[in-house]
Amino acid sequence: MERVKQLVSHLTPGSAKGLEAVQAKSPDDVVITMAIRTPMCKAKKGGFKDTTSEELLVEVFKQAVAHSSFDAGLLGDITVGTCLPKNPVHEARSAMLAAGIPEHVPVQVVNRFCSSGLMAVTDISNKIRAGQIEAGLAIGIESMSQNSEGAWTPNSAAVNNHQPAKDCCMPMGWTSENVAGEFGVSREDMDAFAALSFQRAEHAQKAGYFKNEIVPIDAIVRGPDGSVTTKVVSQDDGIRYGTTKESLSKVKPAFPQWKPAQTTGGNASQVTDGAAAVLLMKRSKAEALGLKVLGKHVTTAVTGLSPRIMGIGPRIAIPMVLAQAGLSQNDIDLFEINEAFASMYVYCVKTLGLDIEKVNVNGGAIALGHPLGCTGARQIATGLNELARRDGKILLTSMCIGGGQGAAAIFVRD
């Protein structure tokens, strides 16, 4: 009877809530035994500028297998979160095979814009929770050097004559200015929060906080003479040392055509290349194989909202995911909120009343960069690593999503 109750609790959403419940351990927990990431490198200028998206994907697959202490042939499924490649399924399948993963292991691709990495993790977690697979690998990746984000111009009269639908096609910078203008976010606050991101990332890099989450990558170097060589890339290269609020205040607006014209190249996320990998399985499987459990995935929440202010997505998704888990903000030890733009970051932190000493403590996307499909998985690697460093327990990750959506998830460190 006790076993039946346990099974029902896993199959019934919201049946086991609260701090004690989410920290309890069960053989059916969906646990994480590996969470790694590549360095985050400036697009078209940084360490991965010559590395194609499939080459980067091959490398992250190789590193995932090498660091997992797990037989890749036992993977029940692989889900890759990515946004920009023209042939993402071809790339994912080809890359996993080239990395040496057996051909009987399947793979799929998911794309929910900036949350794609988290959606990959959630997809694998849900399959494990449903009993479809025992173990799976989630990847988040984006090469913004090789695949630039382009605008979409709809041809449909139905879309063009429906304002919210048409708003989905507008540049993300426009949405940032809408958030700043509609909610009264000042340029001063935007630059202050951006400077804090750079300062925290600089401190974390110098202190070696990232060393346990970053795996060195053999990057491709293409010479002007057509030569192809490799080099090892082992650290983030977009962190601007010595950044202050005062220095950022001198940066010109990136979108002067849209009021209040407060978004700049200094207070918005960087265009970046990077990837991350998360291995998930049932706790019983991990224990049977003698694998160290880093943490468990509790739940994920996704929401929709007005596309014109898509940046406020975390303000809606964070309360949703807390309610699903029966937790309060005070129960969370660390928040990883994607800094798509300082406007939305300032708004979400202040409106939710979050303790900034718990949010993006080692910097966020403004300093580290935002490879679109990677970020949702990268946040997990960064958050769990920092939880371990400071002996914390509960991690909440969140991001806004293009087109007017938001997502958030909760993880518990073992």
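Being a predicted model, the structure only gives us computed values, none of them experimental. Computed over heavy atoms, backbone and side chain alike; hydrogens, waters and symmetry mates excluded. Throughout, numbering of the chain's residues begins at 1 and tracks the sequence.
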More than 12 heavy atoms of other residues, nucleotides or ligands under 6.0 Å from [atom1] of [X]: is that the case?
| X | atom1 | value |
| --- | --- | --- |
| F70 | CZ | yes |
| E188 | CD | no |
| K393 | NZ | yes |

ask   = Taking only residues two or more places apart in sequence or in another chain, which ones pass side chain to side chain donor-acceptor pair (under 3.5 Å) with S197?
value = E339

request  = Check salt bridge (Lys or Arg N to Asp or Glu O under 4.0 Å) between K49 and all other residues, then give those that pass, not counting sequence neighbours.
outcome  = none

Is there any side-chain hydrogen bond (donor to acceptor under 3.5 Å, both in side chains) pair reaching into [range], and which pairs are they, with sequence neighbours excluded?
| range | result |
| --- | --- |
| residues 67-77 | Q63-H67, D77-K127 |
| residues 165-174 | Q163-D167 |
| residues 91-104 | S53-E91 |

key: Summary of ring-ring contact (aromatic ring centres under 6.0 Å, His included) pairs that have at least one residue in residues 322-362, sequence neighbours excluded   = F183-Y347, F193-Y345

To the nearest 0.5 Å, what is the distance between [atom1] ([X]) and [atom2] ([Y])?
| X | Y | atom1 | atom2 | value |
| --- | --- | --- | --- | --- |
| K296 | T33 | NZ | OG1 | 15.5 Å |
| M172 | H370 | CE | NE2 | 10.0 Å |
| F113 | L372 | CZ | CG | 9.0 Å |
| I124 | I32 | CD1 | CD1 | 12.0 Å |
| E59 | T51 | CD | OG1 | 8.5 Å |
| S145 | K44 | OG | NZ | 5.5 Å |

task = Could you please spell out the steps behind the side chain to side chain contact (heavy atoms under 4.5 Å, CB included) verdict for V349 and V346?
result = CA-CA 5 Å; V349 170; V346 171; over 6 Å; no

Counting N and O atoms only, with roles assigned by atom type, does the side chain of [X] sit under 3.5 Å from a partner on the main chain of [Y], one being a donor and the other an acceptor?
| X | Y | value |
| --- | --- | --- |
| E177 | Q262 | yes |
| S269 | A340 | yes |
| S247 | T243 | no |
| Q270 | I366 | yes |
| D333 | I394 | yes |
| S186 | D189 | yes |
| N362 | A204 | no |
| N267 | L248 | no |
| Q379 | S398 | yes |
| N111 | G81 | no |

Pair [X] + [Y], salt bridge at N-O below 4.0 Å:
| X | Y | answer |
| --- | --- | --- |
| K285 | E134 | yes |
| K282 | D28 | yes |
| D29 | K25 | no |
| E336 | R378 | yes |
| R413 | D391 | yes |

ask   = So L280 and V121, side chain to side chain contact (heavy atoms under 4.5 Å, CB included) or not? Walk me through it.
value = CA-CA 8 Å; L280 301 101; V121 170; 4.0 Å; yes

On a heavy-atom basis, which atom in [X] and which in [Y] lie closest, and how many Å separate them?
| X | Y | value |
| --- | --- | --- |
| V22 | L327 | CG2-CD2, 4.0 Å |
| C400 | M344 | SG-CE, 3.9 Å |
| A35 | L384 | CB-CD1, 4.4 Å |
| L84 | S148 | CD1-C, 4.1 Å |
| P314 | G311 | CD-O, 3.4 Å |
| K62 | A98 | CE-O, 4.3 Å |

Side-chain donor-acceptor contacts of residues 211-224 below 3.5 Å, not counting sequence neighbours, with atom names and distances?
unit_1	atom_1	unit_2	atom_2	d
E213	OE1	N385	ND2	2.7
E213	OE2	R37	NE	2.7
E213	OE2	R37	NH2	3.4
E213	OE2	T382	OG1	2.7
R222	NE	D50	O	2.9
R222	NH2	D50	O	3.4
R222	NH2	E55	OE1	2.8
R222	NH2	E55	OE2	2.8

message = Given E202, which partner from the list Q205, K206, Q199 fulfils the side chain to side chain donor-acceptor pair (under 3.5 Å) test?
response = K206

query = salt bridge (charged side-chain N to carboxylate O under 4.0 Å, His left out): which pairs involve residues 107-117, sequence neighbours left out?
reply = none

query = Between the side chains of D225 and S227, is a donor N or O closer than 3.5 angstrom to an acceptor N or O?
reply = yes

Side chains of T82 and E142, donor plus acceptor under 3.5 Å = yes

[X]: side-chain contact (heavy atoms from CB on, under 4.5 Å) partners, not counting sequence neighbours:
| X | result |
| --- | --- |
| V271 | A43, M144 |
| T299 | V321, Q324, A325 |
| V361 | L334, E386, R390 |

task = Walk me through it: do Q108 and D123 pass the test side chain to side chain donor-acceptor pair (under 3.5 Å)?
result = CA-CA 10 Å; Q108 72 165 352; D123 178 69; 2.7 Å; yes

key: Worked verdict on M281 versus V31 for side chain to side chain contact (heavy atoms under 4.5 Å, CB included)   = CA-CA 6 Å; M281 64 189 70; V31 301; 4.2 Å; yes

Pairs of donor and acceptor atoms involving the side chains of residues 249-261, under 3.5 Å and at least two apart or interchain, shall be tabulated with distances.
unit_1	atom_1	unit_2	atom_2	d
S249	OG	E246	O	2.6

request  = Determine, step by step, whether D355 and Q329 satisfy the side chain to side chain contact (heavy atoms under 4.5 Å, CB included) criterion, reporting the C-alpha distance in whole Å, the side-chain angles of both residues, the deciding distance to 0.1 Å, and the verdict.
outcome  = CA-CA 9 Å; D355 180 354; Q329 288 180 186; over 6 Å; no

